[in-house]
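What you are looking at is a predicted structure, and each value in this text was computed from that prediction instead of being measured. Scope of the values below: all heavy atoms of this structure, side chains included, with no hydrogens, waters or symmetry mates.
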Amino acid sequence: MSWKWQIFSVNMTDMDAETSTHTEPAVDEEVPLFSNLDLFLFSLIVGLVIYWFMSPSITLYLRFNYKKQKQFGKNIIVFYGSQTGTGEEFSNRLSKDAQRYGMKGMAADPEEYEMGELARLSEIKNSLAIFCMATYGEGDPTDNAQDFYDWLQENDDEDLSGLNYTVFALGNKTYEHYNAMGKYVDKRLEELGAKRIFDLGLGDDDGNLEEDFVSWREQFWPAVCEHFGVEALGDESSIRQYELKEHTDLNMNKVYTGEIGRLKSFEVQKPPFDSKNPFLAPVTVNRRLNKGGDRHLMHLELDITGSKIRYESGDHVAVFPTNDSTLVNKLGQILGVDLDVVISLNNLDEESNKKHPFPCPTTYRTALTHYLDITHPPRTNVLYELAQYASDPKDQENMRKMASSSPEGKALYQSWVLGASRNILAILEDMPSLRPPVDHLCELLPRLQARYYSIASSSKVHPNSIHICAVVVEYETATGRINKGVATNWLKNKLVTDNGHKSTVPMYIRKSQFRLPFKTTNPVIMIGPGTGIAPFMGFIQERGWLKQQGKEVGETVMFFGCRHKNEDYIYQEELEEAEKNGVLTQLNVAFSRDQEQKVYVQHLMKKNKEDIWKLIHSDNAHIYVCGDAKNMAKDVQTALHEIGEELGGMTRTQATDYIKKLMTKGRYSQDVWS
């Protein structure tokens, strides 16, 4: 029984008691059998009961009932903590794998389940909980795993003895807190008495996450078989999870046209707005920031008037992009399908919470445009499943080889798919014998995910507007094709008015820990080359607003970098104006390619080492870094270590520990990406 059901029962009891207390009439007074209040309360209760059973989120809570799981023979449950969809994708693959070993699995979002009942899994024979947990930001749980993380932290007396588990962690080695969430879940479950049946898997997205997962998975399943005394069924054929249904006479008002959650939610917008209910924000500004060069850096402003959306400087805006219609049309042509057929893909497992891989009913065109990722190189499981449709035996062999864990197969996948940046269209073009059914392809492709951007404005100055700063991604691949970033090219084409209509962007806010200090008198040191300047535009606006309010504001120091002063010195006018007005007390700009020897932000930091050390060591300054995680963020840390050694009289180990302590205290914050 879920906690929501228990609360409802208590409220019903309270209501009965309250009604009996307040509706008892005087003996000598004639009253009707039901007062208006009685009728109102009765109607309210009936309404609540109907809502209770009709609400999708509630039925999901009730559906996660261990008796029901036992009844339908589900003994493997794969929980995922996923921000970009990869963790969810891996959990689906593992739950599907279970069938090959005579087991039944289900993928599960911990946000939709009562995790307090986790211990009851031990009531099911040969049960196993698998956790595919991604780490987000600075060692944080993903949005959908936050409640689960809080539950693990708060319940020291929970007894999970009898629970079998294993964890696969998804992370990136360029980040300070590599795979922190997966490591924590693995350690914490053991502390609460659960039994680890296979070693923690560590996936590194800076290397080859897919290869890490496949290697771990190929060792994991034999360990499961040994632990439970079961054997693989030996059936390596493709297992379909969904069946196709074509609709010929469906009312088009019941067909999804790109909505993320509720049908027609883009036509009738209702707050609150979040990842399942984004707000369609009109684009009021879309301008190019750079004066020259072959790149396109852009500034967009989204109008959130009337949405009740609130944000703070340092937060992220998530946008839901769509795929390029040219790619979608080419896929339709190469597969010889009518993209405008209305279809549903229905889960063959009727008890599964996930009824469809994406909102259905819809058309193939909508699915390939709004819901499916068609631009990233497909993972090995997609190649394995599609291999059966290649009429050339050599193509079949190569596809299966690339999906294996053999050194030759890994090398072929690395060079032919990843190295050449081949997306599904490129693979179909370069492998003419491969022509899969479009419905199976749609089943296998991962969901198109929201993209996150650091907000480049302050709500104190722009309460009804959110600013985005981004660079358009476009590059030539090893095969000579031009690959374009989905979101940035889509944003670039979001003109303020398009054929007389206002352009809109589906968006929501993701809260961040990247915050200005609570005390306005604390100095801040901001380091953000390129589009890494985005959150600092919001910080500068906010510090300026605070000064206008008569508040005492500490020193505000900016280290910015770009290639050429005359080409891509973005926000030059705003930065110089802020320096002139005293909002920025120091503006340091590195133009990396304006001289023979390259100069980066870390070089300017070393040049200003005395000021930096005083601000950090004596004046309690907060340091903020935004931009590239792989090189810039590491180089900035190294520069600070060297400053600590030189001016603080520390050893390298002491300087490293000093900076780590600043991070722990919340005085060193990073908003970085790789």
Side-chain angles (χ1 to χ4, degrees), residues 137-138 140 143 269-275 277-287 289 298-320 450-470 491 494 496 502-524 526 528 531-554 556 558 570-571 573-575 577-578 581-584 622 624-626 666 669-671:
E138 293 300 292
D140 302 320
D143 290 348
Q269 293 252 275
K270 296 177 184 176
F273 297 105
D274 54 28
S275 60
N277 181 36
F279 176 65
L280 283 182
V283 178
T284 55
V285 174
N286 184 349
R287 62 185 173 92
L289 286 169
M298 56 191 172
H299 172 91
L300 285 91
E301 298 182 12
L302 309 180
D303 185 3
I304 56 170
T305 303
S307 66
K308 298 184 180 176
I309 289 173
R310 300 287 177 266
Y311 74 96
E312 293 181 65
S313 302
D315 282 344
H316 299 138
V317 57
V319 302
F320 287 94
R451 280 12 183 213
Y452 298 91
Y453 296 95
S454 302
I455 296 176
S457 54
S458 164
S459 59
K460 298 289 192 296
V461 181
H462 300 283
N464 294 314
S465 181
I466 286 172
H467 300 182
I468 295 174
C469 169
L491 284 171
K494 285 286 175 182
V496 175
K502 281 186 177 180
S503 289
T504 56
V505 169
M507 52 74 65
Y508 69 95
I509 299 298
R510 187 187 195 276
K511 293 296 177 184
S512 164
Q513 301 300 315
F514 202 72
R515 290 278 183 267
L516 279 168
F518 180 74
K519 289 175 69 175
T520 62
T521 52
N522 282 123
V524 299
M526 304 174 292
T531 55
I533 197 174
F536 303 135
M537 295 308 297
F539 282 12
I540 291 165
Q541 289 172 14
E542 190 144 327
R543 300 280 270 194
W545 178 85
L546 288 165
K547 282 177 79 77
Q548 287 176 356
Q549 303 303 306
K551 298 277 176 68
E552 186 183 348
V553 177
T556 306
M558 179 80 226
I570 59 176
Y571 297 115
E573 294 79 8
E574 292 92 329
L575 292 172
E577 182 70 17
N581 293 339
V583 176
L584 274 178
H622 287 230
Y624 300 90
V625 182
C626 183
S669 302
Q670 297 185 97
D671 182 0

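Using cut-offs of 30° and 60° on the angle between ring planes, the pair F536 and Y624 is perpendicular.
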Yes or no on side-chain contact (heavy atoms from CB on, under 4.5 Å) for D315 and I466, after CA distance, side-chain angles and deciding distance?
CA-CA 10 Å; D315 282 344; I466 286 172; over 6 Å; no
Test side-chain contact (heavy atoms from CB on, under 4.5 Å) on H316 and D671; report intermediate values, then the result.
CA-CA 10 Å; H316 299 138; D671 182 0; 3.1 Å; yes
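Closest non-hydrogen pair, L302 versus A281, comes out as CB-CB, 3.9 Å. Nearest heavy atom pair, residue L289 against residue C469, reads CD1-SG, 4.0 Å. Summarising the geometry of T520 relative to E552, their closest heavy-atom pair is OG1-O, 2.7 Å, with the distance given to 0.1 Å. In plain terms, the two heavy atoms of F514 and C626 that are nearest each other are CZ-CB, 4.5 Å.
Atom CD of Q549 sits in a crowded spot, with more than 12 heavy atoms from other residues, nucleotides or ligands closer than 6.0 Å. Q269 CD: more than 12 foreign heavy atoms inside a 6.0 Å radius. No more than 12 heavy atoms of other residues, nucleotides or ligands lie within 6.0 Å of NZ in K551, so this atom counts as exposed by the packing criterion.
V319 is listed as a side-chain neighbour of I468, based on a closest heavy-atom distance under 4.5 Å. Proximity of F539 to V524: side-chain heavy atoms (C-beta onward) are nowhere separated by under 4.5 Å. Contact annotation: the side chain of M507 approaches that of I304 to within less than 4.5 Å [non-hydrogen atoms, C-beta and beyond]. Side-chain contact between I455 and M537: absent, with no pair of heavy atoms (C-beta onward) separated by less than 4.5 Å. Within the 4.5 Å cutoff, the side chain of Q513 has no heavy atoms near those of the E138 side chain. At a threshold of 4.5 Å between non-hydrogen side-chain atoms, the residues L491 and Y453 count as touching.
For Y311 and S457, the side-chain atoms include at least one donor-acceptor pair closer than 3.5 Å.
Applying the side chain to side chain donor-acceptor pair (under 3.5 Å) test to pairs two or more places apart or on separate chains, those with a residue in residues 533-547 are S313-E542, S458-E542, R543-T556.
One finds the CD atom of E574 at 11.5 Å from the CG atom of L584 (value rounded to the nearest 0.5 Å).
Salt bridge D274/R510: absent, no basic N to carboxylate O contact under 4.0 Å.
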